[in-house]
Amino acid sequence: MNLGGAQLIRCLLFDVDDTLMDYHQAEMQILRRIFAENGKVPSQAELDDLWEKSWLYWNLRGLHETWREEIQRDYVRLYRDAVTDYCAYMRRKYDLKQDENALYELFGRYLGEAVTLYDDVLPVLKMLKGYFVLCAASNALSDCQRPRLRAMGIRFDHIFLSEEMGTIKPAQAFFRKAAQAVGCETAECMMVGDSLSSDIAGAQKAGMKTCWINRAGRALSGEIQPDAVIQNLHQLLEIKEIREGLQNDRI
């Protein structure tokens with residue numbers, strides 16, 4: 001694979017959920033722990049129902065449409081509201097003893113402990129470490145995401161979380177602020193993520209190279225065209241510009 005262009009890649013930014021960590025697995029862990037707090041063991045049908053409702057409340061708050069200015073402006077509040085709605089449904093449907101506020105706190109705490117890395121993550125990041133500036137870039141809430149990133153077994157050079165950045169992916173400001181913080185031009189950065197709308201489109205508009213990680217084997221369609229497409233992180237190492245970077249001296 002060849003990205004095209006003569007600009008060297010110095011910085012790699014990685015989305016977290018469904019890029020580095022399996023979010024479905026994380027949420028299943030959380031739900032099992034919450035049910036255990038209530039002396040219950042959820043059935044597969046109950047877990048499937050809650051997973052469906054998780055997405056329902058997420059979409060009802062418009063959080064799947066991060067390109068909309070009103071969603072970008074109120075993202076953190078909407079995120080918290082969606083989780084609160086979800087916890088209220090969980091309590092009501094499954095007769096849990098905690099109220100929705102207590103369940104919200106439990107959900108966030110357990111998410112912070114759910115380090116559900118894909119098998120390819122640590123081997124690849126350890127190979128890249130020292131040759132590129134490695135960054136995590138996520139729209140998830142800081143009090144949940146930072147503990148997961150601290151516990152994952154490798155130290156990122158920078159962590160960019162939308163709640164702290166004051167802007168979210170796919171806003172160009174998010175990516176430009178990140179590049180400025182690491183001391184790179186946007187053209188020297190590559191965004192690696194699973195979301196075409198939040199990770200790829202936003203980074204491209206900001207002038208970064210992009211790599212879509214398509215673990216689920218989805219069809220690529222529409223106007224958003226990443227510079228590279230991979231199905232696992234090992235394939236990231238096959239991109240010409242990444243291979244060349246690994247041949248340079250450590251930074």
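Predicted model only: the values in this text are computed from it and were never measured. Excluded from the calculations below are hydrogen atoms, water molecules and symmetry mates; all remaining heavy atoms, backbone and side chain alike, are included.
- Taking each heavy atom of Ala178 and Met165 in turn, the nearest pair found is N-CE, 3.9 Å.
- Contact detail for Cys211 and Met190: the closest heavy-atom pair is CB-SD, 3.8 Å.
- Leu122 and Leu236 end up in the same hydrophobic cluster when Ile, Leu, Val, Met, Phe, Trp and Tyr side chains are linked at under 4.5 Å.
- Checking side-chain atoms of Thr186 against main-chain N and O of Ala206 turns up a donor-acceptor pair under 3.5 Å.
- Between Phe160 and His158, the angle of the ring planes stays under 30°, which puts this pair in the parallel group of the 30/60° scheme.
- Between Phe175 and Ser198 the shortest heavy-atom distance is CZ-O, 3.6 Å.
- For the residue pair Arg32 / Gln29, no side-chain donor-acceptor distance below 3.5 Å is found, with atom types taken as modelled.
- Summarising the geometry of Leu12 relative to Phe132, their closest heavy-atom pair is CD1-CG, 3.9 Å, with the distance given to 0.1 Å.
- Taking each heavy atom of Val115 and Ala151 in turn, the nearest pair found is CG2-CB, 3.9 Å.
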### Query
Yes or no on side chain to side chain contact (heavy atoms under 4.5 Å, CB included) for Leu96 and Glu37, after CA distance, side-chain angles and deciding distance?
CA-CA 9 Å; Leu96 304 183; Glu37 289 268 347; over 6 Å; no

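- Leu60 and Trp67 fall into different hydrophobic clusters, where Ile, Leu, Val, Met, Phe, Trp and Tyr side chains are chained together by heavy-atom contacts under 4.5 Å.
- Judged by distance alone, the side chains of Tyr104 and Glu100 never bring a donor and an acceptor atom under 3.5 Å apart.
- In this structure, the side chain of Gln204 engages the main chain of Gln225 through a donor-acceptor pair within 3.5 Å.
- The CZ atom of Arg150 sits 8.0 Å away from the CD1 atom of Ile159 when rounded to the nearest 0.5 Å.
- We find the CE-OG1 distance between Met152 and Thr116 to be 10.5 Å, quoted to the nearest 0.5 Å.
- To the nearest 0.5 Å, atom CG of residue Leu50 and atom CD1 of residue Ile30 are 11.5 Å apart.
- In this structure, Ile213 is a member of the same hydrophobic cluster as Tyr118, with clusters built from ILVMFWY side-chain heavy atoms closer than 4.5 Å.
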### Query
side chain to side chain contact (heavy atoms under 4.5 Å, CB included) between Leu196 and Leu220: does it pass, once the steps are laid out?
CA-CA 9 Å; Leu196 288 170; Leu220 179 62; 3.9 Å; yes

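- A salt bridge is defined here as a Lys NZ or Arg NE, NH1 or NH2 lying under 4.0 Å from an Asp or Glu carboxylate O, and Glu244 with Lys240 meets this definition.
- Between the Asn232 side chain and the Gln235 main chain, a donor and an acceptor come within less than 3.5 Å of each other.
- Under the 4.5 Å side-chain heavy-atom criterion for ILVMFWY residues, a single connected hydrophobic cluster contains both Met21 and Leu128.
- The backbone N or O of Leu78 sits nowhere less than 3.5 Å from a side-chain atom of Asp74 that would complete a donor-acceptor pair.
- Salt bridge annotation for Glu163-Arg80: present, with a cationic side-chain nitrogen under 4.0 angstrom from a carboxylate oxygen.
- At a threshold of 4.0 Å, the pair Asp17-Arg148 counts as salt-bridged, since one of the basic side-chain nitrogens sits closer than that to a carboxylate oxygen.
- Within a 6.0 Å radius of NZ in Lys97, other residues, nucleotides and ligands contribute more than 12 heavy atoms.
- Side-chain contact check for Leu233 versus Phe14: some heavy-atom pair is nearer than 4.5 Å.
- By the neighbour-count criterion of 12 heavy atoms within 6.0 Å, atom CE of Met127 is sparsely surrounded, having that number or fewer from other residues, nucleotides or ligands.
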### Task
Start with the C-alpha distance between Phe35 and Val41, add both sets of side-chain angles, then the distance that settles side chain to side chain contact (heavy atoms under 4.5 Å, CB included), and finish with yes or no.
CA-CA 6 Å; Phe35 272 62; Val41 177; over 6 Å; no

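- Under the 3.5 Å distance criterion, with hydrogens and angles disregarded, a donor-acceptor pair is assigned to the side chains of Asn38 and Gln98.
- Taking the charged nitrogens against the carboxylate oxygens, Lys169 and Asp199 do have a contact shorter than 4.0 Å, which makes a salt bridge.
- With Arg215 as the partner, the salt bridge (charged side-chain N to carboxylate O under 4.0 Å, His left out) test is satisfied by one option alone out of Asp22, Asp194, Asp120: Asp120.
- Looking at Phe174 and Gln72, their side chains never come closer than 4.5 Å, going by heavy atoms from C-beta outward.
- For Tyr79 against Asn139, the heavy-atom pair with the smallest separation is CE1-O, 4.1 Å.
- For Glu164 (side chain) and Leu161 (main-chain N/O), no donor-acceptor pair under 3.5 Å exists by modelled atom type.
- Between the side chains of Asp48 and Gln44, at least one donor-acceptor pair of N or O atoms lies under 3.5 Å.
- A tilted orientation is assigned to the rings of Tyr57 and Tyr86, their planes being inclined by 30° to 60°.
- Within 6.0 Å of CD on Glu185 lie no more than 12 heavy atoms contributed by other residues, nucleotides or ligands.
- Within 6.0 Å of atom CD in Gln180, 12 or fewer heavy atoms from other residues, nucleotides or ligands are found, so the atom counts as exposed in its surroundings.
- Put simply, CZ on Phe156 and CG on Leu125 are 5.0 Å apart, with the number rounded to the nearest 0.5 Å.
- Salt bridge absent: Glu241 and Lys209 never bring a charged side-chain N and a carboxylate O closer than 4.0 Å.
- Taking CE of Met191 as the start and CG of Asp227 as the end, the distance is 13.0 Å to the nearest 0.5 Å.
- Separating the NZ atom in Lys177 from the OG1 atom in Thr167 is a distance of 6.0 Å, to the nearest 0.5 Å.
- Leu134 and Tyr131 fall within the same hydrophobic cluster, where Ile, Leu, Val, Met, Phe, Trp and Tyr residues are linked whenever their side-chain heavy atoms come under 4.5 Å apart, directly or through other members.
- A salt bridge is defined here as a Lys NZ or Arg NE, NH1 or NH2 lying under 4.0 Å from an Asp or Glu carboxylate O, and Asp157 with Lys129 meets this definition.
- Looking at Val133 and Arg10, their side chains never come closer than 4.5 Å, going by heavy atoms from C-beta outward.
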### Evaluation steps, side chain to side chain contact (heavy atoms under 4.5 Å, CB included), between Glu52 and Leu56
CA-CA 6 Å; Glu52 178 185 327; Leu56 172 66; 5.7 Å; no

